[in-house]
Amino acid sequence: MSIFIDKLFRYASRFVAMSILLLVAWIFTVLLQNSMESITALGFDFVTETKWAPNLEKFGALPAIYGSVLSTFIAMVLAVPLAIGVAIFLSELAPAKLKSPVGVSIELLAAIPSVIYGMWGLFYFVPIIRDHVGGIGISMLTAGIVLSIMILPFMAAVTRDAMNTTPDILKESAYALGGTKWDVIKDIIIPYAKAGIIGSFILALGRAIGETMAVTFVMGNVHNISLDITAPATSIPVTLANEFNEADSGLYYSSLFELSLLLLIISFTIISIAKFYFLRRKRIA
Amino acid sequence: MATIAEILEEKTLEVKDFEFTYASAEQASIKKLTMPIAKHSITALIGPSGCGKTTLLRSFNRMHDLYPGNKYDGEILFKGRNILQEKEDLINLRIQIGMIFQKPTAFPMSIFDNVAYGMRLQGMKNKSELSDRVEKALKDAAIWKEVKDRLKHDANGLSGGQQQRLCIARAIAVEPEVLLFDEPTSALDPISTSGIEELIVELKERVSIIIVTHNMQQAARVSDYTGFMYLGELIELGKTEDMFVTPREKLTEEYITGKFG
Amino acid sequence: MTHTQKRIIVNNIVMMLSTLSAIIGIGFLFWILGVLILNGVDALSWNIFSQEGAPPGYEESGLKHALIGQLMIVGVATFFGVPLGILAGTYLSEYGQQSKLAETIRDISDIMMSAPSIVIGAFVYAVVVAPMGHFSGWAGSIALTIIMLPIILRTTDDMLQLVPSTLREAAFALGAPKYKVIMQVVYRGAKAGILTGILLGVARVAGETAPLLFTSFNDNFLNTNMNEPMASLTVTMFNYATSPYEDWQKLGWAAAFILSMFILGLNILGRLFLLKKRGK
């Protein structure tokens, strides 16, 4: 009897574990199947066409791709230096009394759902951009800023963790040669934790590019490629969030599925690079 | 009171009524300790773990300042001034008093850059001067032959013993007056250990050395003077050959004959 | 000026910049938290819990429908996601160990944890909503289950691996079959960790909005039939906040507040479990 249960338990757990792989394969297959109509009808034009006009049956994904890339780029440009600053503060600078409470609150803020960041952005940040930068406030720039604030806690926490892996004795050796705090940070800690830091930045990038709710509130879903970052824009997830329930034709649906597939492939690639290239290598301390 | 033998040489450091208290502790880890350190000789600090020998060693280059809340009292005189003063220039102090740690601490950079690090911190930019001094330091640390063809390689590729000699080269490259060794061979195999010990003996021509060790044979082999510490106090300081043969304090005798520790 | 003096000045500038960026970063984050609490507490009233949605301008409107819908959708997702995740995590730690299959499952799960959740919504739309012909609470729960699964799986895997192997060996030495060793020894040893993983997993999916937009959709009134479109706090918050009506926006803030407190509460609870375990 107990041999039977033993076998049952082993095979059941193995089946469930393997079903994760099947599930991911299934997700890719379903998205691909549903994209077929758009892939056959539009071909490669889908990603080079700049016009998205469902009423004219025109589906060009370039504005959404452009918006995804640019808003994520703005977010990274703003968040990376801030995250490094916060991480340095938390790991090397903050007095012991501040380290733990500030560190924990940063980690808790990383847990706040992105929809909250989006809502905050809409009510409090959009007016500031409108009044002090220009435009109507709903814009690529606003989306980039809200996105940067959303990924900041995650990036800062992971960067701090990576910096904290530097052995004390290594830091002390550099101090013992007359290094200042900054010398030790730039010559020892950052080179030592480099793989972890870059990996976590790329991981944050992968998350940011697929982020929906933080930007949907403040981006405007306007399919337009503009160099003016104070103008409304769109991104792949913003388009999906706004239009999925409105799609009324086969090609419209199919092109939205193709967008989903595109997004999934982009994120999978970025996250895999972070994971396999940077976060895998283990150092011998 | 500790039994302190007369030191005939000039002194490089003088510890006077020194007390040290860790931020997390209520009691002082080192109590009213007075101890002269002879110039151009090797002074070994021995004693059971927790006796304060490493704590004392890390006070000479004010390593304890890296962690807030630690407290020094009394005096440590170096070149006629008390280095425990608030206004002491720690960067300058640490350039003059170098340190080698329990484990090799090769920085995440090339062999050359490791040795050049301290000189570069001081602003030396001249390439030929830098490489001359790197070469000299590596030769003095008896590792030049092994690394001269791979100076650009990552220092973490060296063996443990080689890394420790690299760290010694890095420390002597800035020409310090004192070198502190904190159990420098505790992570090394016996062959590397004897290499490091020979090197330490050779170095005393140029620098004054203080070495903390838990290995009494090592203290006997390399040092000129030995200080025995127990519970934060210096029990006895004397010429190594005298102390291991005829210790004057009962506690010292019990420790070196292995009765405790 | 000597080189050392220069270094000290550069050091001080960088330390100032770092402190400044910490102040900016933390300031932003506390700004959000402050806004959330001020608006949320202001919008809270008994009506929030006792009334359903209503057209704009109605006094008697609340979030009862969304709260119940949220609990049902997340509850069902937890009901399926937790046991499946624990089972799969058990396979990785206890059977698969370092095998190629187990490592692949770990890698794919790690990637899934960071994959865009809106794509999961699109997938569930295609395989559940479209064939059924309508949005439903079930579809929402399925989407959340898919998101929860890799989280529970990986934390279970990690936590079980922390159980010392001597403990397993001791149980095997007494002649216990493997499933009993796992159930009675390994699970017990990793209890706090697994519980933390569950709490964090639930907290994570409870805040998900994007995958619900086109699965469970929304409903402005109370509905407890999982076979029909269902309100959730997150989608309701999104719809109310983006509406032009002030009273709806206020309800949106109330929803945001309740949701955040719930999620922060779960996170704090999870940390306490781990701390308590470490303290032992």
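Each chain gets a letter, A, B and so on, in the order its sequence line appears, and its residues count up from 1. In this text the structure is predicted, and so the values were computed from the model without any measurement.
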Quick one: does NZ or CZ of Arg207(A) land under 6.0 Å from the six-membered ring centre of Phe154(A), within 45 degrees of the ring axis?
yes
Turns out that what part of Ala12(A) lies under 4.5 Å from chain C's heavy atoms comes down to both
Quick note, ring pair (Phe, Tyr, Trp, His ring centres under 6.0 Å) partners involving residues 99-125 of chain C, not counting sequence neighbours, are Trp26(A)-Phe123(C), Phe244(A)-Tyr125(C), Tyr253(A)-Tyr125(C)
Bottom line for Asn12(C): the part with an atom under 4.5 Å from chain A's heavy atoms is neither
Cut-off 4.5 Å, heavy atoms of chain C, and the answer for Ile106(A) is side chain
Under 4.5 Å to a heavy atom of chain C? For Ser2(A) that would be both
With a 4.5 Å cut-off on side-chain heavy atoms, are Met213(A) and Leu213(C) touching? yes
From the list Pro116(C), Gly252(C), Ala102(C), Ala115(C), the residue making the most non-hydrogen contacts under 4.5 Å with chain A is Pro116(C)
task = Using the side chain to side chain contact (heavy atoms under 4.5 Å, CB included) rule, take Leu109(A) and Leu33(C) through it: C-alpha gap first, then chi angles, then the decisive distance, then the call.
result = CA-CA 8 Å; Leu109(A) 283 156; Leu33(C) 215 55; 4.1 Å; yes
Turns out that what part of Leu93(A) lies under 4.5 Å from chain C's heavy atoms comes down to side chain
When the 4.5 angstrom heavy-atom criterion is applied to Leu200(C) and chain A, the contacting part is neither
Okay, Ser148(A) and chain C: the region with an atom under 4.5 Å from a heavy atom over there is neither
If one checks every heavy atom of Leu153(C) against chain A at 4.5 Å, the contacting part turns out to be side chain
Passes side chain to side chain contact (heavy atoms under 4.5 Å, CB included), Met36(A) versus Phe257(A)? Steps please. CA-CA 9 Å; Met36(A) 277 328 283; Phe257(A) 273 109; over 6 Å; no
Turns out that what part of Ala203(C) lies under 4.5 Å from chain A's heavy atoms comes down to neither
Chain A shares the most heavy-atom pairs under 4.5 Å, among Gly85(C), Ala122(C), Gly207(C), Ala256(C), with Ala122(C)
If one checks every heavy atom of Ile24(C) against chain A at 4.5 Å, the contacting part turns out to be side chain
Exercise for review: Dump the intermediate steps for side chain to side chain contact (heavy atoms under 4.5 Å, CB included) on Leu262(A) and Ile65(A), then the final yes or no.
Suggested key: CA-CA 9 Å; Leu262(A) 206 60; Ile65(A) 297 170; 3.7 Å; yes
Given Phe89(A), Phe15(A), Trp120(A), the one with more heavy-atom pairs under 4.5 angstrom with chain C than any other is Trp120(A)
Filtered by a 4.5 Å non-hydrogen cutoff, the part of residues 182-190 of chain A contacting chain C is Trp182(A), Asp183(A), Ile185(A)
Okay, Ile263(C) and chain A: the region with an atom under 4.5 Å from a heavy atom over there is side chain
Using modelled atom types and a 3.5 Å cut-off, is there a donor and acceptor pairing between side-chain atoms of Ser254(A) and backbone atoms of Gly250(A)?
no
By salt bridge (charged side-chain N to carboxylate O under 4.0 Å, His left out), Glu208(C) pairs with (sequence neighbours left out) Arg204(C)
Cut-off 4.5 Å, heavy atoms of chain C, and the answer for Leu108(A) is both
For residues 234-245 of chain A, the side-chain hydrogen bond (donor to acceptor under 3.5 Å, both in side chains) pairs (sequence neighbours left out) are Trp52(A)-Glu243(A), Asn221(A)-Thr234(A), Asn221(A)-Glu243(A), His223(A)-Glu243(A), Thr234(A)-Thr239(A), Glu243(A)-Tyr252(A)
Highest number of heavy-atom pairs under 4.5 Å with chain C among Gly210(A), Pro81(A), Gly85(A), Gly206(A) belongs to Gly85(A)
Checklist entry - Hey, what's the ring geometry for Tyr95(C) with Tyr91(C), parallel, tilted or perpendicular (30° and 60° as the breaks)? => result parallel
Bottom line for Tyr11(A): the part with an atom under 4.5 Å from chain C's heavy atoms is neither
Chain C shares the most heavy-atom pairs under 4.5 Å, among Ile27(A), Val30(A), Leu82(A), Leu21(A), with Ile27(A)
Bottom line for Ile3(A): the part with an atom under 4.5 Å from chain C's heavy atoms is neither
* Answer with yes or no after comparing the ring centroid distance for Phe217(A) and Tyr117(A) against a 6.0 Å cut-off, counting only values under it. => no
Under 4.5 Å to a heavy atom of chain A? For Leu36(C) that would be side chain
When rounded to the nearest 0.5 Å, the distance separating CE of Met112(C) from CG of Leu149(C) is 8.5 Å
Problem set entry | Evaluation steps, side chain to side chain contact (heavy atoms under 4.5 Å, CB included), between Met148(C) and Val202(C) | CA-CA 7 Å; Met148(C) 193 190 258; Val202(C) 173; 3.8 Å; yes
Of Pro113(A), Ser105(A), Ser13(A), the largest count of non-hydrogen pairs under 4.5 angstrom with chain C goes to Ser13(A)
Bottom line for Ile86(C): the part with an atom under 4.5 Å from chain A's heavy atoms is neither
- Task: Please state whether the rings of Tyr179(C) and Phe9(A) are parallel, tilted or perpendicular, taking 30° and 60° as the class boundaries.
- Result: tilted
With chain A, the option among Ile8(C), Ile105(C), Ile32(C), Asn267(C) that has the most non-hydrogen atom pairs under 4.5 Å is Ile32(C)
- Message: Taking the side chain as everything from C-beta on, heavy atoms only, tell me whether Gln70(C) gets closer than 4.5 Å to Thr234(C).
- Response: yes
May I ask you to decide if Asp110(C)'s main-chain N or O and Lys275(A)'s side chain share a donor-acceptor pair within less than 3.5 Å?
no
**Prompt:** Does any N or O in the side chain of Ser93(C) come within less than 3.5 Å of the main-chain N or O of Gly89(C), such that one atom is a donor and the other an acceptor?
**Reply:** no
dist Leu259(A):CG -> Ser35(A):OG (nearest 0.5 Å) comes out at 9.0 Å
Checked Ile88(A), Ile20(A), Ile116(A) vs chain C; the most non-hydrogen pairs under 4.5 Å come from Ile116(A)
Okay, Asn34(A) and chain C: the region with an atom under 4.5 Å from a heavy atom over there is side chain
Honestly, the part of Ile182(C) sitting under 4.5 Å from a heavy atom of chain A is side chain
Looking only at Ile5(A), Leu261(A), Val104(A), the option with the highest number of non-hydrogen pairs under 4.5 Å against chain C is Ile5(A)
Worksheet entry | salt bridge (charged side-chain N to carboxylate O under 4.0 Å, His left out) between Glu103(C) and Lys100(C), worked out | CA-CA 5 Å; Glu103(C) 287 294 333; Lys100(C) 201 142 196 191; over 6 Å; no
